[in-house]
Amino acid sequence: MGSAPAGAVRARYLVYFQYWGTAFNGVAAVRGAQRAIGVQNFLEEAAERLNSVEPVKFTISSRTDAGVHALSNSAHLDVQRRSGQPPFSPEVLAEALNTHLRHPAIRVVRAFRVPSNFHARHTATSRTYLYRLATGCPRPNQLSVFERNLCWALRANSLDVAAMQEAAQHLLGTHDFSAFQSAGSPAKSSVRTLRRATVSPGPASPFLSPQENRGLQFWSLEFESQSFLYRQVRRMTAVLVAVGLGVLTPAQVKAILESRDPLGRHQTRVAPAHGLFLMAVRYPGLGDLGG
């Protein structure tokens, strides 16, 4: 952006927002005449109503694919009001964006004023993803319509969770995660530090009756790192599920990681997008606020 006109004040904000990803072609804006549309398109359309001197652009912290959900994603934006008008308070900004958002599957959760050099993507110290699984679902139509786009339904009645947890331990720490990276990643380096990888029973679905819940078991996989490679979480999830089903052993997961080969027979599978949720993006000094 260019320099602000005399008297105009440019304020930078960090906003946390959430979305149900089923309806979108990912979080990033889709430019041009394509019919596909991203969450960012709707956020920037709502921001037009703020009457900023210069158009408001959202810099998204964490790009998510089509069908992936976010309990809490984040972005920074600059709003430049006309001369003599004070900057919006964070509360007014969040309320204004929500008022003008035209899609019911997006909501701005909270906003903060941040310094002009703050960057939503580069300043983030941690990102946490949740992947939801359901076992005991031999046919897709057995799953409630309220859960169908919110978890990966598996035919198996059970998973070897102890083996999955053992395999997840091999992924912890600093490694070259090339074996879990899909083509198309802009990352210059494939080295990442995975701080947390857990597999645990999930709560029963609140959308299902006791009869529907009978035989179904939900599972939660959580992953935390400063940043992830393209589709890394979904590819790690697919490999851990293969361990849970007895197709792979924990030792094979270690070998896959060390192979650095994204095209190996066992690691090309990608877990479905609709089971994945971006849970939190954290920043220095903000703790878990908004995330």
Side-chain angles (χ1 to χ4, degrees), residues 11-29 37-50 52 56-79 87-116 118-132 146 149-151 196 202-203 206-207 220 222-228 233 273-291:
R12 179 161 291 190
Y13 300 87
L14 167 68
V15 295
Y16 288 100
F17 58 99
Q18 57 187 202
Y19 46 91
W20 190 37
T22 308
F24 307 107
N25 194 57
V27 68
I37 199 156
V39 174
Q40 186 179 354
N41 292 101
F42 286 98
L43 290 168
E44 290 181 351
E45 180 188 63
E48 289 175 8
R49 303 294 292 273
L50 299 174
S52 178
V56 175
K57 297 296 179 189
F58 281 67
T59 299
I60 309 288
S61 74
S62 308
R63 290 187 65 148
T64 58
D65 274 350
V68 176
H69 316 289
L71 301 175
S72 183
N73 203 337
S74 59
H76 77 253
L77 60 147
D78 292 329
V79 180
F88 292 114
S89 71
E91 294 76 18
V92 167
L93 178 86
E95 185 176 345
L97 290 172
N98 279 327
T99 297
H100 298 299
L101 268 168
R102 286 195 311 115
H103 203 293
I106 311 170
R107 171 178 168 251
V108 173
V109 179
R110 200 162 179 188
F112 297 90
R113 271 293 294 274
V114 290
S116 60
F118 179 95
H119 196 285
R121 188 166 70 253
H122 303 320
T123 311
T125 56
S126 166
R127 293 168 173 85
T128 303
Y129 282 89
L130 162 71
Y131 199 100
R132 295 183 72 235
F146 298 105
N149 288 312
L150 299 175
C151 65
R196 187 160 55 96
F207 305 119
S220 297
E222 290 188 23
F223 303 92
E224 181 187 356
S225 177
Q226 182 170 350
S227 62
F228 291 90
V233 172
H274 55 252
L276 184 61
F277 298 74
L278 174 58
M279 280 181 67
V281 184
R282 296 187 176 88
Y283 296 94
L286 289 179
D288 287 340
L289 292 173

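- The closest side-chain heavy-atom distance from T128 to R196 is below 4.5 Å.
- Minimum heavy-atom separation, A11 to P87: CB-CB, 3.9 Å.
- At distances below 3.5 Å, at least one donor-acceptor pair connects side-chain atoms of Y283 with backbone N or O atoms of A120.
- Residues V109 and S72 fail the side-chain proximity criterion, which asks for heavy atoms closer than 4.5 Å.
- To the nearest 0.5 Å, atom OG1 of residue T64 and atom CG of residue L278 are 7.0 Å apart.
- The closest side-chain heavy-atom distance from L93 to V108 is not below 4.5 Å.
- Heavy atoms only, all atoms of each residue included: T22 and N149 are closest at OG1-CB, 3.5 Å.
- Here the shortest heavy-atom pairing between A94 and A111 reads CB-CB, 4.2 Å.
- Here L43 contributes atom CG and I60 contributes atom CD1; the two are 6.0 Å apart, rounded to the nearest 0.5 Å.
- Inter-residue side-chain proximity for F17 and L97 is flagged as unmet; no heavy-atom pair is nearer than 4.5 Å.
- For H119, the ring-ring contact (aromatic ring centres under 6.0 Å, His included) test picks out H76, H122, with sequence neighbours left out.
- No more than 12 heavy atoms of other residues, nucleotides or ligands shown are found within 6.0 angstrom of CZ on R49.
- To the nearest 0.5 Å, atoms CG (L50) and NE2 (H100) are separated by 7.0 Å.
- With H274 contributing its side chain and C151 its backbone, the two residues share a donor-acceptor pair below 3.5 Å.
- With N41 contributing its side chain and G38 its backbone, the two residues share a donor-acceptor pair below 3.5 Å.
- With T125 contributing its side chain and R282 its backbone, the two residues share a donor-acceptor pair below 3.5 Å.
- Taking the side chain as every heavy atom from C-beta outward, I37 and F42 approach each other to under 4.5 Å.
- The backbone N or O of F58 sits less than 3.5 Å from a side-chain atom of E44, completing a donor-acceptor pair.
- The backbone N or O of L71 sits less than 3.5 Å from a side-chain atom of Q18, completing a donor-acceptor pair.
- A side-chain contact (heavy atoms from CB on, under 4.5 Å) with S52 holds for exactly one of D78, L77, V79; it is V79.
- Between the R127 side chain and the Q226 main chain, a donor and an acceptor come within less than 3.5 Å of each other.
- In this structure, CG in N73 is found 10.0 Å from CD in Q40, a value given to the nearest 0.5 Å.
- Every residue was checked against the salt bridge (charged side-chain N to carboxylate O under 4.0 Å, His left out) condition with E48, not counting sequence neighbours, and none meets it.
- Put simply, the side chain of H69 gets close to the backbone of G21: a donor and an acceptor are under 3.5 Å apart.
- Taking the six-membered ring for Trp, F223 and F228 have ring centres at least 6.0 Å apart.
- Residue E95 holds its CD atom at 9.0 Å from OG of S89, rounded to the nearest 0.5 Å.
- V27 is not listed as a side-chain neighbour of V68, based on a closest heavy-atom distance of 4.5 Å or more.
- Ring centroids of Y13 and F88 are separated by 6.0 Å or more, keeping the two rings apart.
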